[in-house]
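What follows is one structure encoded as structure tokens, with my remarks underneath.
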Amino acid sequence: MPASSLDQLVSLCKRRGFIFPGSDIYGGLANTWDYGPLGVELKNRLKRHWWDTFVRRRENMWGLDASILMNRKVWEASGHVTSFADPLVECKSCHQRFRGDHLLEEKIGAEAAAVLTIDQLQPMLIAEKIPCPACGKLQWVEAKKFNMMFKTHQGVIEEEGSLVYLRPETAQGIFVNFKNVLNTMRPRLPFGIAQIGKAFRNEITPGNFTFRTREFEQMEIEYFCEENGWEKAFTLWQDLIWQWYIDLGIAKERLRVREHSQDELSHYSRRTIDIEYKFPWGWGELFGLAYRTDFDLQQHQKFSGEELLFTDPDDPKKKFIPHVIEPSFGCDRTVLTLLLEAYTEDMVADATRTVLRLPQILAPIDVAVLPLSKKENLIAKAKELYKKIVQETNLTVDFDVTGSIGKRYRRQDEIGTPQCITVDFGTLGEDATQGGKDTVTMRDRDSLKQKRLPINQTIEALSFRA
Ligand code: GAP
């Protein structure tokens, strides 16, 4: 079973160096989180795996790393300046502000709440008798739209002309580089451009750990195709992504596809589905797949004055603006989901064991080398093995001498290390009851099975990231 409460996971993440509260020594900054030594390793592995799967190992996929700060006309063209807004309601009594649709979700359901118009929100909150979560009064001011883009100024003068936005989605970096990629890589349709990077949204109600934050990372693909190929491309990506999550070990019963209703669609989308995960607080969006038509390229062509046409290499007279399917992954939400899914408690020798059953491809540490005790000759022998694994493989290896061997196994289980190797007095030839000379014990995290093998066969017995 995965973690049943978020608190269990938040506590483990802090205690074991996965995710810390942001600006902790200054009392924190609400809803900001810092990835610690193990968290950054897990996140980097996830990003690398995503990149390998969807960019490096696929034909006709190209990578990009665009700037976070972009000409603000980009956001005028994309429609974000006018349309990227959430419904904000304010309590007349205590002046706290909330996302109106979120307040209604429990009463009327998320789908019904998402399609309410801005004018319907305040009357609906009153009719459903939903009080202010902060002060308990039922006194709502009329709802208004709140644009979620973060603003800043470029250069030394803070005036209207220097205003820039922190990108709210990585996608636009791809659209504005469409022509550059066409000219340099000469791709044929269908082809995709992918990027991983930070996005910023001034969310009205962030929360649920890293689920909804104001600064987060996205892994996005814009997959360009001919207009009449969009349905095929949509299905292709839906299947690929569903399988990707399953292969990472997420249980099918905690995943579902949710189709957006026509009223709920973003301003750029003709069809959107979300893949949702059953989080401890309920179903929530993990990933979004949208058919953005040719909206973005048309808009950028219009606003920039640059021609953004694709020329068919087999028929140079055929020039057109391609349509696009967009698979958009939340990197932090995927990390959170993987941690929730991997978190397990089982009973071992009458004691509760916490174990992160992460797939090895993501586990921050591949293997731990553990000398049975702190005796100098034992440590020296184990260190030799540790160095050999580090030098001869690409595995991440931990070396731990502190505490009883049982405690060290538990510590490695808790951070998801798939395999441990113990060097003991048998290895040194000093105690035949522990094992033969020059042999070590290898222990598997999930089955807890141990096997004894010659030390010089350790590397070939280890499992490697696929
Ligand atoms: N380019 C399309 C786009 O940005 P989106 O559904 O708004 O679509 C895509 O975002 C993904 O980004 C979501 O499925 C989610 O995983 C992640 N995401 C969005 N807002 C987030 C937030 N405030 N905190 C963490 N992740 C977020």
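Just so you know, ligand 1 is whichever comes first in the structure, and atom 1 is the first atom listed for that ligand.
- For ligand 1, the atoms sitting less than 4.0 Å from at least one non-hydrogen atom of F287 are 14 (O), numbered in the order shown with element in parentheses.
- Nearest non-hydrogen protein atom to atom 17 (C) of ligand 1 is G330 CA, 3.7 Å.
- Counting non-hydrogen atoms of other residues, nucleotides and ligands closer than 6.0 Å to CD of E253 gives a total above 12.
- Taking the ring pair (Phe, Tyr, Trp, His ring centres under 6.0 Å) definition, one finds that Y291 meets it with W230, H323, sequence neighbours left out.
- Ligand 1 is never approached by Q172 to a heavy-atom distance shorter than 4.0 Å.
- Counting heavy atoms under 4.0 Å from ligand 1, residue R292 touches it through the side chain alone.
- Of the polar atoms of T210, none of the N or O atoms is found under 3.5 Å from an N or O of ligand 1, judged by distance alone.
- Taking the six-membered ring for Trp and thresholds of 30 and 60 degrees, F178 and F224 have ring planes inclined between 30 and 60 degrees apart.
- Using bins of under 30°, 30° to 60° and over 60° for the plane-to-plane angle, the ring pair W244/H49 lands in the parallel bin.
- Among E169, R201, E220, the residue whose heavy atom lies closest to atom 5 (P) of ligand 1 is R201.
- Pairing each heavy atom of P364 with each of F18, the nearest pair is CG-CE2, 3.7 Å.
- Taking atom 18 (N) of ligand 1 as the reference point, the nearest protein heavy-atom neighbour is F216 CE1, 3.6 Å.
- The single protein non-hydrogen atom nearest to atom 11 (C) of ligand 1 is S328 OG, 3.8 Å, given as residue, atom name and distance.
- Nearest protein heavy-atom neighbour of atom 12 (O) of ligand 1: Q218 NE2, 3.3 Å.
- Nearest to atom 24 (N) of ligand 1 among the protein's heavy atoms is T213 N, 3.1 Å.
- Regarding atom 6 (O) of ligand 1, its nearest protein heavy-atom neighbour is E285 OE2, 2.9 Å.
- Only the side chain of E326 comes within 4.0 Å of ligand 1, counting heavy atoms alone; its backbone N, CA, C and O stay farther away.
- Set against the non-hydrogen atoms of G288, the atoms of ligand 1 under 4.0 Å away are 14 (O).
- Cation-pi check for R254 over Y277 is not met; the charged atom does not lie both under 6.0 angstrom from the ring centroid and within 45 degrees of its normal.
- The backbone N or O of L265 lies less than 3.5 Å from no partner atom in the side chain of R270, so there is not a single donor-acceptor pair.
- What sits closest to atom 25 (C) of ligand 1 on the protein, heavy atoms only, is F211 O, 3.1 Å.
- Taking the charged nitrogens against the carboxylate oxygens, R99 and D86 do have a contact shorter than 4.0 Å, which makes a salt bridge.
- Of all the heavy atoms of R212, the ones lying under 4.0 Å from any atom of ligand 1 are found in both the backbone and the side chain.
- Using cut-offs of 30° and 60° for the angle between ring planes, the F98 and W140 rings count as perpendicular.
- The protein atom (non-hydrogen) at minimum distance from atom 15 (C) of ligand 1 is R333 NH1, 3.5 Å.
- For the pair L286 and ligand 1, a heavy-atom separation below 4.0 Å is found.
- Heavy-atom separations between Y268 and ligand 1 include at least one value shorter than 4.0 Å.
- Under 4.0 Å is where a charged nitrogen must lie from a carboxylate oxygen, and between E341 and K278 no such pair does.
- A salt bridge does not link R258 with E285: every distance from a Lys NZ or Arg NE/NH1/NH2 to an Asp or Glu carboxylate oxygen is 4.0 Å or more.
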